[in-house]
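What follows is one structure encoded as structure tokens, with my remarks underneath.
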Amino acid sequence: MFMNKPAHQGSELPWHQDVGEGWGLDANPTITVWTALDAATREKGCMQLVPGSHQLGVVNPQHFLSAEDQARCAPPERVVYLEAEAGEAVLLHNLLLHRSGTNTTDQPRRAFSAAYMDAATRAVATGRAFPVIFGQGALRPASP
Ligand SMILES: O=C(O)CCC(=O)C(=O)O
């Protein structure tokens, strides 16, 4: 995913985990590598997260948290702002609760985010596999 928050723009991304039925996968991804392409500061809508929240399991398979879940799982006193320099990469457990705000500055805030899945993961709608990029058979076309 390319995360793009242009100067004085960008939408708020509500509290969520990088898992859920909306992804259309038969297994949840396990880890996301998020890389800052520009500096991500509070003013630029950097990520916010709840340390330890990956231990809660899947809070809402529909992806975004309800107001009740947000009050229970992401109370303001537990929220940490994750500022990053351009080029810094962050490993996120896919169950970690996170969100991000809007960019109120004159500079863009862009990031590249890749979610990694077990090679056995299939698309629910088609049953198809995804390209394997690590280990045996990596970068060869998937067999049917
Ligand atoms: O960069 C952001 O604003 C949010 C990133 C995010 O939610 C993700 O990579 O899963």
Side-chain angles (χ1 to χ4, degrees), residues 1-125 128-142:
M1 294 173 285
F2 177 61
M3 318 301 294
N4 187 21
K5 293 185 192 279
H8 297 291
Q9 289 183 55
S11 51
E12 284 190 8
L13 187 57
W15 285 112
H16 67 282
Q17 299 166 306
D18 285 341
V19 298
E21 292 163 5
W23 288 53
L25 305 173
D26 68 358
N28 285 319
T30 48
I31 195 160
T32 288
V33 181
W34 179 95
T35 305
L37 303 177
D38 302 300
T41 60
R42 283 187 184 219
E43 297 73 27
K44 290 172 116 182
C46 72
M47 255 195 289
Q48 299 165 43
L49 49 87
V50 182
S53 55
H54 62 290
Q55 295 168 21
L56 295 170
V58 177
V59 177
N60 177 12
Q62 302 304 316
H63 202 52
F64 292 118
L65 263 60
S66 65
E68 295 76 29
D69 284 340
Q70 190 175 309
R72 183 173 56 88
C73 304
E77 66 274 13
R78 293 194 52 209
V79 175
V80 168
Y81 285 78
L82 189 69
E83 295 190 308
E85 296 295 327
E88 283 186 321
V90 175
L91 304 185
L92 296 169
H93 189 293
N94 278 65
L95 294 181
L96 190 77
L97 289 169
H98 57 288
R99 72 173 175 183
S100 63
T102 55
N103 182 0
T104 60
T105 74
D106 294 336
Q107 303 293 320
R109 202 222 92 179
R110 294 162 293 187
F112 183 73
S113 186
Y116 292 88
M117 311 176 284
D118 188 287
T121 304
R122 297 284 184 274
V124 173
R128 294 207 46 192
F130 296 88
V132 175
I133 56 170
F134 297 115
Q136 201 170 22
L139 302 176
R140 293 199 196 106

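Note: hydrogens, waters and symmetry copies are ignored here, and every other heavy atom, side chains too, is used.
Separating the NZ atom in K5 from the OG1 atom in T102 is a distance of 7.5 Å, to the nearest 0.5 Å. A distance of 12.0 Å separates CG in L97 from CD in Q48, rounded to the nearest 0.5 Å. Taking CE of M3 as the reference point, atom CG of L37 lies at 11.0 Å (rounded to 0.5 Å). Atom OG1 in T41 sits 12.0 Å away from atom CG in L82 (nearest 0.5 Å).
Between the side chain of T105 and the backbone N or O of Q107, at least one donor-acceptor pair lies under 3.5 Å. The main-chain N or O of A39 is found under 3.5 Å from a side-chain atom of K44 such that the two form a donor-acceptor pair. At distances below 3.5 Å, not a single donor-acceptor pair connects side-chain atoms of E85 with backbone N or O atoms of A36. Distance alone, capped at 3.5 Å, places no donor-acceptor pair between the D106 side chain and the A7 backbone.
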Handout entry: W23 vs D18, side chain to side chain contact (heavy atoms under 4.5 Å, CB included): CA-CA, chis, key distance, verdict
Key = CA-CA 9 Å; W23 288 53; D18 285 341; 3.8 Å; yes

Exercise for the section: Decide side chain to side chain contact (heavy atoms under 4.5 Å, CB included) for N60 and W15; before the verdict, give the C-alpha distance in whole Å, the side-chain angles of both, and the deciding distance to 0.1 Å. Expected result: CA-CA 11 Å; N60 177 12; W15 285 112; over 6 Å; no

Handout entry: Candidate pair V58 and N28, rule side chain to side chain contact (heavy atoms under 4.5 Å, CB included), full reasoning
Key = CA-CA 10 Å; V58 177; N28 285 319; 3.9 Å; yes

Practice task
Show the numbers, then the answer: is there a side chain to side chain contact (heavy atoms under 4.5 Å, CB included) between I31 and N94?
Solution key: CA-CA 5 Å; I31 195 160; N94 278 65; 4.2 Å; yes

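Between G87 and T35, the closest heavy-atom pair is O-CG2, 4.3 Å. Residue V80 comes nearest to P51 through the heavy atom pair CG2-CG, 3.6 Å, listed as atom of the first residue, atom of the second, then distance. Across all their heavy atoms, A123 and F130 have their closest contact at N-CE1, 3.8 Å. For S100 against R109, the heavy-atom pair with the smallest separation is CB-NH1, 4.1 Å.
In the model, H8 has no side-chain atom that pairs as donor or acceptor with a side-chain atom of N103 under 3.5 Å.
Under the ring pair (Phe, Tyr, Trp, His ring centres under 6.0 Å) criterion, H16 pairs with H63, F64, H98, not counting sequence neighbours. Partners of H93 according to the ring pair (Phe, Tyr, Trp, His ring centres under 6.0 Å) rule, which considers only residues two or more places apart in sequence or in another chain, are H54.
Each of L96, L95, V59 was checked for a side chain to side chain contact (heavy atoms under 4.5 Å, CB included) with S53, and the lone residue meeting it is L96.
Evaluation of the side-chain hydrogen bond (donor to acceptor under 3.5 Å, both in side chains) test over residues 110-125, restricted to residues two or more places apart or in two chains, returns D38-R110.
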